[in-house]
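Right, one structure below, let's go through it.
Numbering of ligands and ligand atoms starts at 1, following listing order. Count residues from 1 along the sequence.
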Amino acid sequence: MEEIFKKSLEAQLEKLSNKSQKNLDKKLVRAVCAALLEVFCTIPARKADTPRAAYFSAEFLTGSFVTGSLATLNLWGICEQVLKQKGYNIEALEKPRDPALGNGGLGRLAACLLDSAAATDIPLDGYGIRYRYGIFRQDIKNCEQTEQIDIWQDNCPLEKQRRDEAVLVQFGDTDVLAVPYDVPIVGKNQINRLRLWSAEATSPVDFTAFSEGNICSAFSKMMDAEAISGFLYPPDNTEAGKELRLKQQYFFSSASVQSILRDFKKTARPIGELSDYIKIQLNDTHPTVAIPELLRLLCEDFGRDFETALKICGEIFSYTNHTVMAEALECWNEALFCRVVPKVYPYVVMLNNHLMQRLKGNKNLSRISIIENGVIRMANMAVYVSHKINGVAKIHSEIIKESIFKDFYELYPERFLNITNGIAHRRWLCLANRGLTHFANSRLGTDWQENLPLLEQIKQFNSTADLDELAKIKAENKKALAKYLKNNFELSLDPDYMFSVQIKRIHEYKRQLLNILSVLGLYIDLKNGELKDFYPTAFIFAGKAASGYYNAKQIIKLINAVSRLIEKDETAKKYFKVLFIPDYNVKNAMKIIPAADLSEQLSTAGTEASGTGNMKLSLNGAPTIGTLDGANIEIVDYAGEENNYIFGAKKEELACLTNYDPMNIYYSSDRISRVVDLLKQGPAGDFTALFNSLLFGDDADRYKVLLDYPSYQNARLRANEDYKNSRLYAEKSLINIAAASHFSADQTVGNYNKKIWKLM
Ligand SMILES: *Cc1c(COP(=O)(O)O)cnc(C)c1O
């Protein structure tokens, strides 16, 4: 494989050398793609009747497909070598913008599972939407987030349009053409595929209207259709926005189900065997409408009766829950649903009737039903039909059984299971952290790269020389990040500071507010002469706020305002740096994570389903400062509490906490009140909205920022103290790297197969 790639790339570069050097980066990417495609030709194609699984997801946060393929096939080294020989730099491959097809952890998990399935010979295909613009591109202006559309699509040279496999999706008002774009997701022994659908009008222009001069109405069908695959998560605070979301969900669910049925026909097997051929994993509730759609097609196109069709669907579908936040469990107004997808609606009614019939007499019927008071509850539908329902970390899988799905758990306990998330270590370690990869290779050989649990053995290498080398690798990564930020964002960062890193979507439950308030607290202490021997620290943030989420945007503004405040203060800037890195995405994450000294995982206990950022940071040697929430719990189980900085109320403690009143904390603690007071017309500006959210209203301080503030501040000072002893800190780092070997997405996707899909 390596030989073919090398020869092909050399030939491609030879051709390049005679051409103009304009757009060189793009040309280099194309050259590497061409060489990759030649390698792909040598990998056996899957047989038409191979049983397979399909991952339905509204998001795939893949990062570059080119670097991803190089990582899985372990061709990065040779690629770098060939490029270098010809006088080129491999950094060219990191220039194109990432595909803007995802928002956060849910989309990144989808990408990690696809990568790992391909690498471990599990036939798993992804199905989603090829968003024209996807998630917005974030910039910071005057401390605030600004949003621009992201033109990324000319950057995806490995994808292939398959117009010959287009399908028609029928809505109440019109039909839309779904055109698939396929990206090969490669492993060494097989090729899977990510199929993304783009929406087009069946007849783009109404020529009669056009010739009458009604230009707008002539093109309106085209615009309506293309809006469907325009943006990720249209704002759902208007009726039009809600309708568009429902259209998106049905669009890709229906197209994917139709495409799977078409592929199945090629096997010439009877429809009764469909569930031996395909398993469909619903990544959260967004694609749940695929269930009534498949029911409909089985009944109407394949002549099955409802009961038989339902049984087949039950064997095919399973559902992964990603959050216990009630607002994220998809619900549709019944009238809207009926209007937008009238052909599917009767099957939802039949499903609901089926449930009411079967569970007649259950005292919680009004909680369990699929339709209640004119609302269709997609999560209930998913749980009622699916044969397996999983949470994404141990604590989360317990929580869903006790809370949102309690009634269903009592009825169908055998359906519920846990599959803890994992990460594609080929990308997040082998590719992102070459120094650490070399450290491991030179001690363990390279087998761990295909079998991450073997990396656990790295913990034996804790001699002084080993630890010094490890610390040096981290220092190099920090320098590399500083350089990257200077070159790409004109941001300055002193690599000698400790890097404390909180990178994730901005959300109140993730508590970036706790982090930045604590920085303000340290600032006050410094000014009062109460902060002794503090090791200079850079508090690094990155993440996007949903465009309609006011408080999250205020938090971004606050972080940037505090950054300016400190920058202007000659004393403070010797100890602190606050840095907000704009436009968080996979590419930036790959630079930031290997440089982190401390991983900030601050969610209120019981709110973060799993997290995967925590795993990536741990695998790259950053101890966690965090709550006992999500996968932090499992990280600490493996790595030991003494090698991490755990703080805050536990989930059980919060459950007992009735009548929480943050005002009491505010009045009883000077340390807290003087920090919170800074939000009101303090030196960083006016953040009254955040001030009020912490102290007033029915749900004052919903996420218990003030409650956990003192223990967080303590943990932070402990970490800072430990960091001064670089060898001690490197040892903690080493233990975390070894422990994170438990979080391979290879293992995670293997568990999906072993416990749910049972392919092969
Ligand atoms: C891993 C990752 C996430 C998820 O981060 P969490 O800390 O688990 O929320 C989000 N965005 C990107 C780009 C990632 O790589």
Side-chain angles (χ1 to χ4, degrees), residues 57-64 67-68 71 94 97-116 134-138 150 152 232-233 283-284 322-323 325 328 392-393 395-396 420-429 431-433 500-512 515 540-546 552 581-596 598-604 607-620 622 624-627 629-635 740 743-745 748:
S57 179
E59 302 180 30
F60 289 91
L61 192 52
T62 59
S64 154
T67 60
E94 296 167 350
R97 291 194 59 75
D98 282 354
L101 296 168
N103 176 37
L106 171 145
R108 186 52 229 173
L109 178 75
C112 281
L113 293 184
L114 285 192
D115 282 348
S116 277
I135 184 87
F136 61 86
R137 170 180 184 156
Q138 181 196 55
D150 191 348
W152 64 272
L232 177 63
Y233 300 144
N283 195 27
D284 227 349
H322 280 274
T323 172
M325 304 267 150
V392 289
I395 181 179
H396 171 63
T420 298
N421 284 169
I423 53 173
H425 66 275
R426 294 174 190 80
R427 178 181 287 279
W428 294 111
L429 174 52
L431 199 54
N433 198 340
S500 164
V501 169
Q502 189 173 22
I503 46 174
K504 48 185 76 240
R505 285 179 303 117
I506 309 294
H507 198 291
E508 284 163 289
Y509 88 80
K510 292 178 182 278
R511 298 202 294 190
Q512 284 92 354
N515 186 339
I540 297 172
F541 296 83
K544 293 175 184 175
I581 301 172
D583 208 33
Y584 186 48
N585 54 25
V586 171
K587 182 163 54 157
N588 293 339
M590 288 172 69
K591 294 286 180 207
I592 302 168
I593 289 169
L598 189 61
S599 162
E600 302 267 354
Q601 307 299 337
L602 313 182
S603 57
T604 316
T607 61
E608 184 75 88
S610 164
T612 50
N614 46 4
M615 299 169 184
K616 297 170 205 164
L617 283 153
S618 187
L619 185 63
N620 280 276
T624 298
I625 179 167
T627 48
D629 195 26
N632 297 353
I633 296 176
E634 289 158 72
I635 289 176
F743 297 107
S744 162
T748 306

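Against a heavy-atom cut-off of under 4.0 Å, Trp428 is close to the following atoms of ligand 1: 15 (O). Heavy-atom proximity to Gly104, at under 4.0 Å, picks out these atoms of ligand 1: 10 (C). Distances below 4.0 Å separate heavy atoms of Leu61 from the following atoms of ligand 1: 11 (N), 12 (C), 13 (C). Interface of Gly611 with ligand 1, defined as ligand atoms under 4.0 Å from a residue heavy atom, comprises 8 (O).
Remark: side-chain polar atoms of Asn421 are not paired, donor with acceptor, to backbone N or O of Thr612 under 3.5 angstrom. In terms of modelled atom types and a separation under 3.5 Å, the side chain of Gln512 and the main chain of Ala542 share no donor-acceptor contact. With Asn632 contributing its side chain and Thr627 its backbone, the two residues share a donor-acceptor pair below 3.5 Å.
One option in Glu600, Lys616, Arg108 has a heavy atom closer to atom 1 (C) of ligand 1 than any other, and that option is Lys616. With Ala589, Ala609, Gly630, Gly105 as candidates, the residue nearest to atom 4 (C) of ligand 1 on a non-hydrogen basis is Gly105.
Checking only distances, Lys504 does come within under 3.5 Å of ligand 1, N or O to N or O. Between Asn585 and ligand 1, not a single N/O pair is under 3.5 Å apart. An N or O contact shorter than 3.5 Å links Thr612 to ligand 1 by distance. In terms of N/O distances under 3.5 Å, ligand 1 is not approached by Asn103.
Using a 4.0 Å cut-off between heavy atoms, Arg505 makes no contact with ligand 1 at all.
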Given side-chain hydrogen bond (donor to acceptor under 3.5 Å, both in side chains), test Tyr509 with Glu608 step by step and report yes or no.
CA-CA 8 Å; Tyr509 88 80; Glu608 184 75 88; 2.7 Å; yes

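Taking a 4.0 Å cut-off on heavy atoms, Lys510 registers as neighbouring ligand 1.
To the nearest 0.5 Å, the span separating OG on Ser744 from CZ on Arg426 amounts to 6.5 Å. Atoms CD and NZ, on Gln601 and Lys510 in that order, are 8.0 Å from each other to the nearest 0.5 Å.
Looking only at protein heavy atoms, the nearest one to atom 5 (O) of ligand 1 is Gly613 N, 3.8 Å. Given atom 11 (N) of ligand 1, the protein heavy atom at minimum distance is Tyr584 CE2, 3.4 Å.
Remark: of the listed residues Arg505, Lys504, Gln138, Gln138 is the sole one forming a side-chain contact (heavy atoms from CB on, under 4.5 Å) with Lys544. Of the residues listed (Leu109, Val392, Thr323), the one engaging Ser610 in a side-chain contact (heavy atoms from CB on, under 4.5 Å) is Val392, and it is the only one.
Between Asp150 and Arg97 there is a salt bridge, since at least one side-chain N of the basic residue sits less than 4.0 Å from a carboxylate O of the acidic one.
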